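As a basis for the values below, the full set of heavy atoms in this structure was taken, side chains included, without hydrogen atoms, waters or symmetry mates. What you see is a predicted model, and the numbers here were worked out from it, not measured in a lab.
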Amino acid sequence: SRLAPRSDSRPRPPMAPMDDRAFAAYLEDHLAGSGAGLTIVRRLRRQHPGDEIGTAMLRLEVEIEEERLALRTAIDRLGGSHAGPGVIGLVLGLAGGVAAAARRALIHEPVPSLLEDLESLAVGVWGKRLLWGALARKAMENQRLADIEVERLAEQAEAQELEILRLRDEELQPAGS
């Protein structure tokens, strides 16, 4: 079958570990992704002032800003520039967001639903949990990263994911239940 794994039994060469510059670029991409998440969080906070969603988004906004600071610190220590592919990706993402907003205005398409926004945030937090795991491994071999509170940030991301999924589940409940 075309989908069956290849039976190539030749040994594969070990993958070279990521050097500091490549890892910094990886972190820059996550920094850009956090900017996209922050945009969603701020929109939801404005749309839900004073309710459970708004309160959760305010807390998440503060935490994302803290995480972004940790990422910037790691990028700086690894010799990154904050101007690599991640920033370019962010600019392209923002341009796409502007185009989407214009399309919605022209054809009266609604803004993303709460369900769509919460799912986007859940996917982003899942990626962030992978990020903190990768950074923890890198910190074991690189003393310049040792004081970044990766374990606490990983626990924070896990709590964020649970909160977002709880809010998503509530959004899926039938009205009046």
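Within a 6.0 Å sphere centred on CD of Glu170, heavy atoms belonging to other residues, nucleotides or ligands number more than 12. More than 12 heavy atoms of other residues, nucleotides or ligands sit less than 6.0 Å from atom CZ of Arg43. Surrounding CD of Glu141 are more than 12 heavy atoms belonging to other residues, nucleotides or ligands, all under 6.0 Å away.
Residues Leu114 and Val125 share a single hydrophobic cluster, defined by chaining ILVMFWY side chains whose heavy atoms lie under 4.5 Å apart. Both Leu31 and Trp132 belong to a single network of hydrophobic side chains, linked directly or stepwise wherever heavy atoms of I, L, V, M, F, W or Y lie under 4.5 Å apart. Hydrophobic clustering (ILVMFWY, side-chain heavy atoms < 4.5 Å, transitive): Leu131 and Leu38 are in distinct clusters. Hydrophobic cluster membership is shared by Ile164 and Ile64, with clusters built from Ile, Leu, Val, Met, Phe, Trp and Tyr side chains linked at under 4.5 angstrom.
Ion pairing between a basic and an acidic side chain is recognised when a charged N comes within 4.0 Å of a carboxylate O; Arg168 and Glu171 show no such pairing. A salt bridge links Arg42 with Glu65: the distance from a Lys NZ or Arg NE/NH1/NH2 to an Asp or Glu carboxylate oxygen falls below 4.0 Å. The pair Arg77-Asp20 fails the salt-bridge criterion, with no side-chain N (NZ, NE, NH1 or NH2) lying under 4.0 Å from an Asp/Glu carboxylate O.
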Determine, step by step, whether Gln160 and Glu163 satisfy the side-chain contact (heavy atoms from CB on, under 4.5 Å) criterion, reporting the C-alpha distance in whole Å, the side-chain angles of both residues, the deciding distance to 0.1 Å, and the verdict. CA-CA 5 Å; Gln160 291 168 352; Glu163 176 74 357; 5.8 Å; no
Test log, rule side-chain contact (heavy atoms from CB on, under 4.5 Å), inputs Leu78 and Leu145: CA-CA 8 Å; Leu78 295 171; Leu145 304 173; 4.1 Å; yes
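In this structure, Arg152 CZ and Glu66 CD are separated by 4.0 Å, a value rounded to the nearest 0.5 Å. To the nearest 0.5 Å, the span separating CZ on Arg129 from CD on Glu155 amounts to 10.5 Å. The CG atom of Leu130 lies 12.5 Å from the CG atom of Leu135; values are rounded to the nearest 0.5 Å. The distance from the CD atom of Glu63 to the OG atom of Ser34 is 13.5 Å, given to the nearest 0.5 Å. Taking CG from Leu121 and CD from Glu116, the interatomic distance works out to 12.0 Å, rounded to the nearest 0.5 Å.
Summarising the geometry of Gly80 relative to Ala24, their closest heavy-atom pair is CA-CB, 3.8 Å, with the distance given to 0.1 Å. Between Leu27 and Ala74, the shortest heavy-atom contact is CD1-CB, 3.6 Å.
Met140 shares a hydrophobic cluster with no other residue; no ILVMFWY side chain has heavy atoms under 4.5 Å from its own.
Looking at His30, Glu158, Glu67, Glu161 one by one, the single match for side chain to side chain donor-acceptor pair (under 3.5 Å) with Lys128 turns out to be Glu67. Applying side-chain contact (heavy atoms from CB on, under 4.5 Å) to Val41 and the options Asp117, Leu60, Val62 leaves one that passes, Leu60. Tested against Leu167 for a side-chain contact (heavy atoms from CB on, under 4.5 Å), the candidates Ile53, Leu44, Leu115 yield a single pass: Ile53.
Between Met57 and His48 there is no side-chain heavy-atom pair separated by less than 4.5 Å.
By the 30° and 60° cut-offs, the orientation of the rings of Tyr26 relative to Phe23 is tilted.
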